[in-house]
Structures are given as C-alpha cells and as structure tokens.
Protein chains: 2
Amino acid sequence: MKIATFNANGIRARLPIILEWLDKESPDVLCLQETKVQDVDFPREPIENLGYHCAFRGQKAYNGVAILSKRPPEKVSLGFGDGDVSEEPRLLVATINNIPIVNTYVPQGYAPESDKFRYKLEWLQRLGSYFVRYFQPDIPLLWVGDLNVAPEPIDVYDPKGLLGHVGFHPDEHEALSALKAWGFVDVFRRHESGSKMYTFWDYRIPNAVPRNLGWRLDHILATPPLAQKSTRAWIDMSPRLANKPSDHTFVVAEFEVD
Amino acid sequence: MKIATFNANGIRARLPIILEWLDKESPDVLCLQETKVQDVDFPREPIENLGYHCAFRGQKAYNGVAILSKRPPEKVSLGFGDGDVSEEPRLLVATINNIPIVNTYVPQGYAPESDKFRYKLEWLQRLGSYFVRYFQPDIPLLWVGDLNVAPEPIDVYDPKGLLGHVGFHPDEHEALSALKAWGFVDVFRRHESGSKMYTFWDYRIPNAVPRNLGWRLDHILATPPLAQKSTRAWIDMSPRLANKPSDHTFVVAEFEVD
DNA sequence: GCCCACTCCG
DNA sequence: CGGAGTGGGC
C-alpha cells in the first residue's frame, strides 16, 4: 500500500499538481489538508475520473481535509466525536484495507503565548484522548497530515535560531512526544534517519526552496505493527518546484500489506 | 504592413495568448485595449524579448491602451490633447511607417439613458473633433480598436432583438456614421462584405462561442488612400478558443505599404 | 464569467 | 508570496 500526504494550500488552485501527481505516482491513498473549499465546491469530478474515491470536509477559505483512495473507504468519520459542533474541519478518518487512516491538519498556532497557540496544544491533547478512546497501539493505524510541528533539530533549517518559534517550540515537542509515546513510529525517519529533508518552505522567505530554508512539518506515522511493514518513505520535492506550487510538498510511504 | 487589434481584458491575464500570437503571426503592429494595468506593472520585458517596442498608458483595474510594434514608433501621443487631465487612458496614437495609428478603447456605455451612455456619445464626438483638428482624410491614417459599436445588422447575432441595446443603438450608429463620413473605410468589410463574423462573445452568455452569439465591436478603419492599399482583412477566432481567453479576439489587416 | 482591487491570513 | 473572499465593472 502506497500512501501520501500533502498540504495543498487550496485544492482548487492546486488541482493540476494533484491530478498530475496522482496520475504519475498512483498512490492507494492521498491525504490532503488545507483544501480551503466548501463541500459543494469540492472538485470531485476530475479526481473521480482518475479512479479515486473522495472523502472530504471543508469550509470557505480555511482548513479542510480530504482523503482520496482507489478503494472506497470502508468507514469514514469526521472530527473528534466529542460533540463540539463549532469544530473546524481538521480531522478526517477513513478505514481502507482495514487500516484506519487519521488525516489531520493540526492548527498552526500563530505565536507562542497566543490563544491560537494554546488552542493548538489543546487540539493535540484532544487528539491524544481520541487515539486512546478509539484505537490501540498494537493494531495497525496510520496518523498522517500537516502536524505543524518539526519534531527534531534536524527537521528545521536553523534549529538554534528557530527554537521557541511556532512549529519548533518545546511545548509542541512535548505534546508530540506524548502522542508518539502512546504508540506511533515516524515512518519517514525509520527509513531516512539522518537526512535533513523538509516538506514546507515559506512563500514569504525569498528563494526559500533553492536556499533550502524549510521545515519538516508533514508526517506519516504508524503504530508499530504497521510501521514494521513499511518498506520505503520519502519526500517528493518535484511538486514544490512546479508552477504555482503549494508551500508544502508530498510525503510518501509504502507498506507491505494486502 | 500587418496590423492587428485585440481587447485583451487584462494584459497580464492574457500574456500567454498575446505572446503566442505575436510569435505565430508576427504582425508589424498590435494595438491593445483594456490592458487594466498601471504603467509600472506593464509587462514590457516578455514583449520586448519578442522584438517589439511598447507604447502604453494604463491605470489600475480599468481601461488602458498599448501599441506594440516591430519598429520604434516615430511619434507617440496620448489622449485628445484638449487639456482634460481627468481623461481616462483610452486613446493612444503611434506613428509607424509614417502612418498615424489611432488606437481607441471607446467607452462601453453601460445602458442607454445612462450617464455612461451620454459619455460614450460625447467621447465619440470628441474623437471626431480630434480627427478634424489633427488629420486629413486624403492622407493615410488608421483608426483601430474596440469601438464598442456593432455598425450594421450583420454585425450582431440578433439584430432585431438587440436593436436599441448598448453597442447596437441608433445614437451610436449615428455617431459612428459621422466619424466614417469624415473619411474612414471599414477595412474588414472591404474584404469580407457579407460575412457574419464577430470579434466579441460575452462571457456571461453560456456557450456564446459555439452558439456564435457574438458582436463585431473591434475594428480596423483607414482613410481612403490607405484603405485602397489593404490586401486582406480577417478575424482570428483561435485566441477566443484558447485556454483562459479574453471575451474579444484579434482583428487583422494587411496593407501594401513600404 | 472573468478580470482586477482590496483584505485577511499564514 | 499566494491562497480565498468580497465587491465593482463590463
């Protein structure tokens, strides 16, 4: 099974890149974040024409998640299921090949000391409770998406200068560690232990890509029984180099299942 | 000499179409209307890279005219020259091969009985005075551009239903006739006397192009000594069928001069 | 329908 | 820098 994740930063603006990537890479599953589109306007037709099923939930302008899959998902669920009706569309789960795939767009957090930062940490905590309530670490489970956290010094272009900034802050590292401690393996790092590779380069930094001023914010994690079956994981830079790119690019992993 | 006119409806949005057309057709002169760009942002570089000189005057969001030419223009002038500082960028004249080329974006007129309609008729009158003041009908002169008037019943898709609408109104016909009476020949009609061909199809009419619900609003006119030297004139539909088209397309004419 | 300006956001 | 929304114009 080949699975990928991509923060599209607007699925409508990114449709050429996504369609070309699906056509070329033919993943079994592609998880998308920041689709930035209401459900009525989700561009399902061109995606279905490539043979993919679409599960999605979005809103105007912000957030929005989708899971595209060759097989129809066995089950789809949205959000934490804790009755919060004001919840933003950031969490979508689809069970495919009997594996629950938890696709998350973790809040960005704006700035430490801000309400948005506290919301981010709380959101990660709620996600932890969600895993505890609904899943077990000894059963195959995938957690993928834009986690908006670079876990280690190797995952940002300037670990000393950026320490304490949003996305590379001790509180975020602690929250992420707690989630991993429950039972997640970073599948990318399992295969690329020492490589300084990024998945995000800020549009606002001039020439961030050629200067490689990036962050590894997008992740594929799996519970141990599934992580053990991963055979490969990589970051595909080419969509970040294309015309009209997202500020993120694709992370991909392959598993020996089915 | 090969000369063309095109209402770009935003030169920045239309740059691929314009560059491709210049490359393929290699006109001596291309007159543009509705460039919708301030002079500082005019995309001169890619045009100059194709070997064209650029004369232009524009503003934010509306109006804007340009004359692209292989030879540097011998003289360029803007506006009626009657001291109206609030004048919109709708009139640009470049003298090339000793022929003054008057490029106009005539006001659209909104609706009969409106202030904008009266402004349109006044503008055409001012243009008449301008021709009288600065030119003579027995000397070569070109008047091209988006005149926002379909002169004859043959020039609109529904002459009965549209009679009295903006662009096909008796007052406009009268104003245009007066201008022609001074000394202009419709160069397109000189070569295509009976053909029902259009240069504009409204974006807002569904499938206007395949249903051919168009108007002939864009024109190339010449004083008699020059019109006699015209060898060909045609409308090039292909840019209207391209990706991301303008709502207008190119009108082209060739003259035996030089 | 599509272009452009402006604003908000990251 | 570049999404997306809104509003005006044709």
Side-chain angles (χ1 to χ4, degrees), chain A residues 6-18 32-38 41-43 58-64 88 105-111 114 116-117 119-120 146 148 165-167 200-209 211 213 215 217 240 242-248, chain B residues 7-15 17 32-38 41-43 58-64 88 90 105-111 114-117 119-120 146 148-149 165-167 200-209 213 215 217-218 240 242-248:
Chain A
F6 178 48
N7 178 318
N9 189 21
I11 192 175
R12 286 169 294 180
R14 227 57 66 204
L15 208 50
I17 282 176
I18 290 170
L32 298 170
Q33 305 87 37
E34 284 208 87
T35 53
K36 295 186 177 182
V37 68
Q38 298 170 100
D41 297 321
F42 190 94
Q59 64 175 90
K60 276 188 185 179
Y62 309 111
N63 311 315
E88 295 168 333
Y105 173 50
V106 175
Q108 193 266 347
Y110 183 55
S114 69
K116 287 178 179 173
F117 192 74
Y119 176 67
K120 178 180 195 172
D146 178 359
N148 263 317
H165 285 61
V166 198
F200 165 83
W201 297 259
D202 197 317
Y203 287 135
R204 289 165 294 183
I205 299 179
N207 298 109
V209 178
R211 295 159 70 200
L213 304 181
W215 304 59
L217 302 180
R240 188 62 179 83
N243 270 118
K244 294 250 158 206
S246 170
D247 42 1
H248 294 250
Chain B
N7 178 318
N9 188 20
I11 192 175
R12 287 169 295 180
R14 227 57 66 204
L15 207 50
I17 282 176
L32 299 171
Q33 306 86 36
E34 282 208 87
T35 53
K36 294 187 177 182
V37 68
Q38 297 171 101
D41 297 320
F42 190 93
Q59 64 175 91
K60 277 188 187 181
Y62 310 112
N63 311 315
E88 295 167 332
R90 295 180 174 276
Y105 173 50
V106 175
Q108 192 267 348
Y110 183 55
S114 69
D115 285 350
K116 287 179 179 173
F117 192 75
Y119 176 66
K120 179 181 193 171
D146 178 0
N148 263 315
V149 181
H165 285 60
V166 197
F200 165 82
W201 297 259
D202 198 317
Y203 287 133
R204 291 166 293 184
I205 299 179
N207 299 109
V209 178
L213 304 181
W215 303 60
L217 302 179
D218 302 273
R240 188 62 180 82
N243 269 119
K244 295 250 157 204
S246 170
D247 42 2
H248 294 249

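Atom OH in Y203(A) sits roughly 11 Å away from atom C1' in dG10(C) (whole-Å rounding). Rounded to whole angstrom, the span from the CG atom of L15(A) across to the C1' atom of dA4(D) amounts to 16 Å. At whole-Å resolution of the value, CH2 in W201(B) and P in dG1(C) are 19 Å apart. Atom OH in Y110(A) sits roughly 10 Å away from atom C1' in dC9(C) (whole-Å rounding). Rounded to whole angstrom, the span from the CZ atom of R90(B) across to the C1' atom of dC10(D) amounts to 11 Å. Residue I11(A) contributes atom CD1, which lies 10 Å from atom P of dA4(D) at whole-angstrom precision. N63(A) places its CG atom 17 Å from the P atom of dG3(D), with the value rounded to the nearest Å. Between the C1' atom of dC9(C) and the CG atom of D146(A) lies a distance of 15 Å, rounded to the nearest Å.
Along DNA chain D, the nucleotide closest to D202(A) and the one closest to D247(B) are compared, and the more 5′ of them pairs with D202(A).
Remark: of the listed residues N9(B), N63(B), D41(B), N9(B) is the sole one forming a side-chain hydrogen bond (donor to acceptor under 3.5 Å, both in side chains) with K36(B). Screening Y119(A), Y105(A), Y62(A) for a side-chain hydrogen bond (donor to acceptor under 3.5 Å, both in side chains) involving E88(A) leaves a single residue, Y119(A).
When the side-chain nitrogen and oxygen atoms of R204(B) are compared with OP1 and OP2 of dC10(D), none of them lie within a distance under 4.0 Å. Taking 4.0 angstrom as the limit, K60(B) places none of its side-chain polar atoms (N or O) nearer than this to OP1 or OP2 of dC3(C). Between R14(A) and dA4(D) there is no side-chain polar atom (N or O) within less than 4.0 angstrom of OP1 or OP2. Between K116(A) and the phosphate of dG10(C), there is a side-chain N or O to OP1/OP2 separation shorter than 4.0 Å. Close to dG5(D), at under 4.0 Å from its OP1 or OP2, lies a side-chain N or O of R12(A).
Of the candidates dC9(C), dG3(D), dC4(C), dC9(C) carries the atom nearest the Y62(A) side chain, counting heavy atoms from C-beta on. Picking from dG5(D), dC4(C), dG9(D) the nucleotide with the shortest atom distance to the side chain of A61(A) gives dG5(D). Comparing dG3(D), dC3(C), dA5(C) by their closest approach to the side chain of K244(A) singles out dG3(D).
Formation of a donor-acceptor pair under 3.5 Å by the T35(A) side chain with backbone atoms of A8(A) is not found in this model. Remark: side-chain polar atoms of R14(A) are not paired, donor with acceptor, to backbone N or O of N7(A) under 3.5 angstrom.
Ring-plane geometry between H248(A) and F200(A) is classed as tilted, the angle between the planes lying from 30 to 60 degrees on a 0 to 90 degree scale.
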